[in-house]
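What follows is a short report on a single structure.
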Amino acid sequence: MTSNANLNWIANYIWGIADDVLRDLYVRGKYRDVILPMTVLRRLDAVLEDSKRAVLDMQANLDKIGLVDQDEPLRQAAGQDFYNTSRFTLRDLRARANRQQLEADFRAWLDGFSPNVQDILENFEFRNQVTRLSRADALGTLIEKLTSPDVNLSPDPVHNGDGSVRHPGLDNHGMGTIFEELIRRFNEENNEEAGEHWTPRDAVTLMAKLVFLPVADEIISSTYLIYDGACGTGGMLTVAEEVLQQLAAKRGKQVSTHLYGQEINAETYAICKADLLLKGEGDAADNIVGGPEHSTLANDAFPSREFDFMLSNPPYGKSWKTDLERMGGKKEMRDPRFVIEHADDPEYSLVTRSSDGQLLFLANKLSKMKEGGSRIAEVHNGSSLFTGDAGQGESNIRRWIIENDWLEAIVALPLNMFYNTGIATYVWVLTNRKPEHRRGKVQLIDATEWYRPLRKNLGKKNCELGEEDIQRMCDTFLAFEENEQSKIFDNAAFGYWKVTVERPLRLEGIDPSRSYKAAEIKKMKESSERTETAPPVIKKIHEKGTEADPLRGRYEATVNGKPAVVEYEPDTDLRDTEQIPLQEEGGIEAFLRREVLPYATDAWYQPDSVKIGYEISFTRYFYKPQPMRTLEEIRADIVALARETEGLLDEIIGDGTRS
């Protein structure tokens, strides 16, 4: 295996090519448009050099027999999950002295790659760069530097004339490490946009451990499916795979993993797919679906798949209005991921505001859980904890999750963990197979103070999680104990009833012993004066035998000299709402009797209008009030201030007199 020092040297060499060749041709932020695809192409070309003749011979034979679908046999001839059917290798193109001929042959070489590589090239939009590179006479220089004997991107070693090894071969893991390092450097260079598609490695490692550690001892020698519905450059998938493999190996198990991902951004999709190809994971690369037409919300690439483990960092505060319109709008939405059956409602809607679809990515994952048990970790900002009123999409998602007992824990991360935002972020950990001791409970962990500062800020990222910080978070999660940073709650602690409290419309000059129709009431509102002492307007007289229940709006009254049970017209100006905890002792009515009726004796509520909502307030649970200053401290400050200002007024007045 290539040493870390050598891998770093190769990454520095490739990084240096950008400055040497592209400095006057591209702005610094656009170097990646050339360097990343060219690094991919050079590696693929180097891997395919030994099988070039076998691929060309196979293609000739397939053409003779008229076979149209040649992909699988050509892969077999190449011994890889990709191939190139052009007659050139990249080394061959070094000899082209004519710029036009070089460009033509280079394009022919690009056209010879297999469909999966073509997909990468198209999403990198790399062909758009070729003419620009050629006109600046930079294409030849770029090829020469990447195929130089000074650097080896081939899996085979390079030997000196005496047979000794000049450069060791570069295995797939080593190449993947180099490519990830280049991605990291380019993302840090472009830190303003990096957070959109690249989650810091420390955060990903934490998420992977939160997913795997609770079931580490249950891992068996088997195949596991891992999914990321907003996979970006694929870091979560590959880190999750590494962590799972490490945990399995420690326990003497052999596991294989199948990675699946979906990504709407074309360039990051191309990077993800290329990274997997470079690591020798061709099957996984084929399971990555992406590009602008492949939105996870509007166009699910894996509708019938279920996964063992799922991790994501979905976009925060990003509009999904276009997707919503494609799906028929809120009223016509029929996607079974987002319109479900829950709480006796066959069309329970999880559809959120069109301005922010982050929780829908979580709902998408929950629809892909296996009956035998799946585990999920997803990063969200603070709005996912509390945005959305009772009955709205965000609150409905939280309710659906918590009432199904899927939420294990939420971990509050340090501020400024990500590249393009300093907002608070939280890792949600979910499973549909909670261990016995966690059932009916949710753990909240305040890890905002567990970090180490960076020596130099990377955009807004000014801190990172060290190994000890990640371990501390995982230990706290696994311990499942109450302390200053860990709070444990019943599921119902986050739920509430949203209750509309009504009071009667009171109008001067009405007949208090008769009922009024809606049209009459509307007219009276315009002409009559409202006062607190006026009689209430009756809108309905119940049939004889109906029981009075003032708290539910059914009052005893005298109508035409006879006792009756009536309902009053509510005064919309006096209408109010109360948010009553589900754990309120005695429920809604006990709360209203204690908190409302003493101040509004004529108030009532309609039970059929009550809605249930859920929200999670970290601030409420972890708030640490600052101790009040003592009188002695305040007095000392006042005395000190008086001494500082003593004589100041005399000076001002005196100066004014002299002038």
Query raised in the report: Short question: side chain of Asn404, backbone of Trp400 - any donor-acceptor pair under 3.5 Å?
Result: yes
Query raised in the report: If you take all heavy atoms of Val411 and Met473, which pair is closest and at what distance?
Result: CG1-SD, 4.5 Å
Query raised in the report: For the side chain of Ser486 and the backbone of Glu482, is there at least one donor-acceptor N/O pair under 3.5 Å apart?
Result: no
Query raised in the report: Would you say the side-chain atoms of Arg185 and Asn12 include a donor-acceptor pair closer than 3.5 Å?
Result: yes
**Report entry** Within-4.5 Å side-chain heavy-atom neighbours: Asn265 and Glu267
**Finding:** yes
Report task. Measure centre to centre between the rings of Phe618 and Tyr426, then say whether the value is under 6.0 Å. Result -> yes
Requested in this report: Among Leu121, Asn123, Val117, find the one that has a side chain to side chain contact (heavy atoms under 4.5 Å, CB included) with Asp119.
Outcome: Asn123
**Report entry** Flag, side chain of Asn287 to backbone of Asp283, donor-acceptor distance under 3.5 Å
**Finding:** yes
Query raised in the report: Does NZ belonging to Lys209 count more than 12 external heavy atoms closer than 6.0 Å?
Result: no
Query raised in the report: Taking atom types as modelled and ignoring hydrogens, do the side chains of Gln485 and Glu449 form a donor-acceptor contact shorter than 3.5 angstrom?
Result: no
Query raised in the report: Can a cation-pi geometry be assigned to Arg375 and Tyr227, taking NZ or CZ under 6.0 Å from the six-membered ring centre and within 45° of the ring axis?
Result: no
Query raised in the report: Can you check whether Tyr31 and Phe186 have ring centres sitting under 6.0 Å from each other?
Result: no
**Report entry** Whether over 12 other heavy atoms sit under 6.0 Å from Glu484 CD
**Finding:** no
Query raised in the report: Does the side chain of Ser256 pick up a donor-acceptor pair with the side chain of Thr223 at under 3.5 Å?
Result: yes
Requested in this report: Could you tell me whether Glu125 atom CD has more than 12 heavy atoms of other residues or ligands within 6.0 Å of it?
Outcome: no
**Report entry** Step-by-step side chain to side chain contact (heavy atoms under 4.5 Å, CB included) determination, Val442 to Ile488
**Finding:** CA-CA 6 Å; Val442 174; Ile488 298 169; over 6 Å; no
Query - Distance (rounded to the nearest 0.5 Å) between Asn6 CG and Leu170 CG - result: 8.0 Å
Query raised in the report: Do we see a donor-acceptor contact under 3.5 Å between the side chains of Gln262 and Tyr269?
Result: no
Query - Test of ring centre spacing under 6.0 Å for Tyr614 and Tyr496 - result: no
Query raised in the report: Is there a ring pair (Phe, Tyr, Trp, His ring centres under 6.0 Å) between His437 and Phe480 once you walk through the steps?
Result: CA-CA 9 Å; His437 68 286; Phe480 194 61; 5.4 Å; yes
Query raised in the report: Side chain of Arg337, backbone of Leu297: donor and acceptor closer than 3.5 Å?
Result: yes
Query raised in the report: Between CG of Asp308 and NZ of Lys370, what distance do you get to the nearest 0.5 Å?
Result: 3.5 Å
Requested in this report: Return yes if a side-chain donor-acceptor contact under 3.5 Å exists between Gln358 and Asp356, otherwise no.
Outcome: yes
Report task. Hey, can you tell me if Trp9 and His167 have their rings parallel, tilted or perpendicular (30° and 60° cut-offs)? Result -> parallel
**Report entry** Result of checking Thr233, Thr268, Thr296 against Glu263 for side chain to side chain donor-acceptor pair (under 3.5 Å)
**Finding:** Thr268
Query raised in the report: Got more than 12 heavy atoms from elsewhere within 6.0 Å of CD, Glu468?
Result: yes
Query raised in the report: Below 4.0 angstrom, N of the basic side chain to O of the carboxylate: do Asp171 and Lys279 qualify?
Result: no
Requested in this report: State, without any angle test, whether Gln254 and Ser221 hold a side-chain donor-acceptor pair at a distance under 3.5 Å.
Outcome: no
Query raised in the report: Going by heavy atoms in the side chains, are Glu633 and Thr630 under 4.5 Å from each other?
Result: yes
Query raised in the report: Which value, rounded to the nearest 0.5 Å, describes the distance between Gln392 atom CD and Arg399 atom CZ?
Result: 14.0 Å
Query - Reported NZ-to-CD1 distance for the pair Lys250 and Ile219, which is rounded to 0.5 angstrom - result: 11.0 Å
Query raised in the report: Is there a side-chain contact between Cys231 and Ile288, using heavy atoms and a 4.5 Å cut-off?
Result: yes
Query raised in the report: Any side-chain heavy atom of Val243 within less than 4.5 Å of one from Leu247?
Result: yes
